[in-house]
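Data block below; observations after.
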Amino acid sequence: MRWPIHVQLLVPLLSVVLVAIAVASLTSAAAGSRRARQQQEQHLERVVTTLLSASFPLTDRVLEQMSGLSGAEFVLLDDAGHIRECTLPWKQSESPALTAVATGAGTAPFSSASRISLGGTTYLGQRVEVRNRRASAGAAWLVVLYPEDRWWAATRQAAYPALISGALAALAVVAVTALLARRLVRPIHTLGDQTAVIASGRFEPVGVPPRDDEIRDLAVSINSMAEQLSRYEDNVRRSERLRALGQLGAGLAHQLRNSATGARMAIELHALACAAGGESLDVALRQLRLMESYIQRFLTLGRPQDESRQEVEVGQLVAEVLELVAPLAQHAGVAIDFHRPSQPIVVCGDREALGQLVVNLAVNAIEAARRTPSGPASVAVALDGDDRGCAVLRVADSGAGVAAGMEDRIFEPFASDKPEGTGLGLFVAREVARAHGGTVTYEPRDGKTVFRAELPRRIAEQADGAPADCR
């Protein structure tokens, strides 16, 4: 059975308040009834006292006037119990019932009243002894009769205001409490709907209430959870893509590696047989060796690597890579300018992996520069160090820049705006930089797109905490 929160809040609070209102109302009603009863008794007592202390005889006329003033009925009995005077239509046969009425003290005539029925009407009655009455010779008792329904009607009327006020207060409390409970629970319902959206896979942040309370803390926690789930989903998707890439490429990679090895061996044999092969054959051999290395890395992409670290002079590495990509740049009509520092800049890392980083940045810049909107196509490569002890490599191209909508996805795997692109070059470059404790970023500057790679000049430990191969 569902037990909503606003009901859980409402029921205990209302129970306490309603019980308090009921107790207060009943107490006030009882006090009002008691005061009304006391006032009636005091009024009757004054009337009886007046009758007993008067010097005039208690005739029918006197008793009727007192009856009109007090609302009570009066019967005067003699010593034998016979009716002498009466404000009611009376029968002598009713005398025994009147003599049976309880005798009361003069100070509190209705403290011990008797119930008596006369002529179909029920009365509360008491007998009061009449003494030394010259005008009422032989009269001994005055019976005071007050209609029971009028007695209790006055008592109830005194209690009604307190009971009605209590009922109205209870209704007001129920309405206000229900309103406040719903108002309190409404933000929780909103959070529930928004978390249902998050549960459906849309990790959108929820609205944070302006009031600083526990609900605001809950909304902030939900937003933090949504952000973590979004990052987790991105990581899972990337891992799934990399795993799919490894599975789909495993079969092709083996054949490509065998073909590259065969082509390399054929070129080496040709170079031995024909000494005039020159520099072009040497570049082709180096490209084939890189192809073999890249294919091997492709097979293990996304898995931790046991890389041997060594001191790498970054300027020399960049020069070698630019020499390898020079034929590609020449074919694309792109001019490459390399600003090499006068002093060597050494980092500690995996030479092949760092070479792959530089190749991917250079090839990406050449392919972007070949689509230069106007003017000559060019790529500017600059290497220097910064004050934080990092080697900084900048690769700027004169291309059209990053396509709209790709700014936040440019380093994601398989994200590319080129028809022939795979979307892995920049992703691999960033992963290599991260593995070496560095970063790869980009920014538009002076009409060019500049990719900036930062690498620490020395790495004392590898990622797994083991000592590095170089110091």
Side-chain angles (χ1 to χ4, degrees), residues 279-280 283-284 286-287 290-291 294 313-343 345 347 353-386 390-434 436 438-455:
E279 183 178 352
S280 60
V283 172
R286 292 168 63 187
Q287 289 281 19
L290 282 176
M291 183 186 298
Y294 294 160
E313 206 283 294
V314 183
Q316 180 182 355
L317 177 64
V318 174
E320 293 176 357
V321 169
L322 294 181
E323 184 180 350
L324 290 176
V325 300
L328 175 63
Q330 184 178 1
H331 179 74
V334 177
I336 299 180
D337 177 37
F338 177 36
H339 173 71
R340 185 172 180 176
S342 58
Q343 298 295 328
I345 296 180
V347 300
L354 293 175
Q356 190 175 5
L357 181 152
V358 179
V359 167
N360 286 333
L361 292 180
V363 171
N364 179 76
I366 293 171
E367 292 178 349
R370 63 190 293 185
R371 297 180 292 173
T372 301
S374 61
S378 63
V379 172
V381 181
L383 176 66
D384 55 19
D386 62 6
C390 291
V392 180
L393 175 66
R394 297 180 180 87
V395 180
D397 63 77
S398 59
V402 179
M406 291 291 297
E407 293 87 350
D408 298 333
R409 302 175 54 239
I410 190 171
F411 291 106
E412 293 183 3
F414 310 108
S416 176
D417 61 334
K418 305 172 187 176
E420 70 281 2
T422 61
L424 288 174
L426 294 177
F427 166 71
V428 172
R430 187 184 65 172
E431 292 301 305
V432 171
R434 285 181 174 178
H436 288 76
T439 59
V440 176
T441 58
Y442 88 97
E443 62 176 344
R445 181 188 299 175
D446 300 331
K448 294 185 177 182
T449 302
V450 181
F451 283 85
R452 175 188 175 100
E454 295 184 0
L455 298 170

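These numbers come from the heavy atoms of this one structure, side chains and all, not from hydrogens, waters or symmetry mates. Numbering of residues begins at 1 and proceeds along the displayed sequence.
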Value for OG1 (T441) from CD (E454), rounded to nearest 0.5 Å, stands at 6.5 Å

Candidate pair E443 and T449, rule side chain to side chain contact (heavy atoms under 4.5 Å, CB included), full reasoning: CA-CA 6 Å; E443 62 176 344; T449 302; over 6 Å; no

How many angstroms lie between CZ in F427 and CD in E412, if you round to the nearest 0.5 Å? 10.0 Å

Would you please name every residue forming a side chain to side chain donor-acceptor pair (under 3.5 Å) with Q330, sequence neighbours left out? none

From CZ (R430) to OG1 (T439), nearest 0.5 Å: 10.5 Å

Looking only at heavy atoms, the pair that brings R370 and V334 closest together is N-CG2, 3.9 Å

Taking N360 for its side chain and Q356 for its backbone only, find out whether a donor-acceptor pair lies under 3.5 Å. yes

If the test is side-chain contact (heavy atoms from CB on, under 4.5 Å), which one of V314, L455, V381, V440 qualifies with L393? V381

Looking at every non-hydrogen atom in both residues, tell me the closest pair between I336 and A329 and how far apart they are. CD1-CB, 3.5 Å

Short question: side chain of S398, backbone of S378 - any donor-acceptor pair under 3.5 Å? yes

Got R340 and Q316 here, is their nearest side-chain heavy-atom distance under 4.5 Å? yes

Please give me the minimum heavy-atom distance between E367 and R371, naming the atom from each residue. O-NE, 3.7 Å

Is R452 close to V392 at the side-chain level, that is, under 4.5 Å between some pair of heavy atoms? yes

Are Y442 and I410 close enough that some pair of their side-chain heavy atoms sits under 4.5 Å apart? yes

Would you say the side-chain atoms of D397 pair up with the backbone N or O of G399, donor to acceptor, closer than 3.5 Å? yes

Of the non-hydrogen atoms in A396 and V450, which two are nearest, and what is the gap between them? CB-CG2, 3.7 Å

Close side-chain approach of V347 to E313, heavy-atom, < 4.5 Å: no

Closest non-hydrogen atom pair, V325 against A362: CG2-CB, 4.4 Å

Closest heavy-atom pair, L317 versus G355, reported as atoms and distance to 0.1 Å, is CD2-N, 3.8 Å

With side chains defined as the heavy atoms from C-beta onward, is the minimum distance between L322 and V358 less than 4.5 Å? no

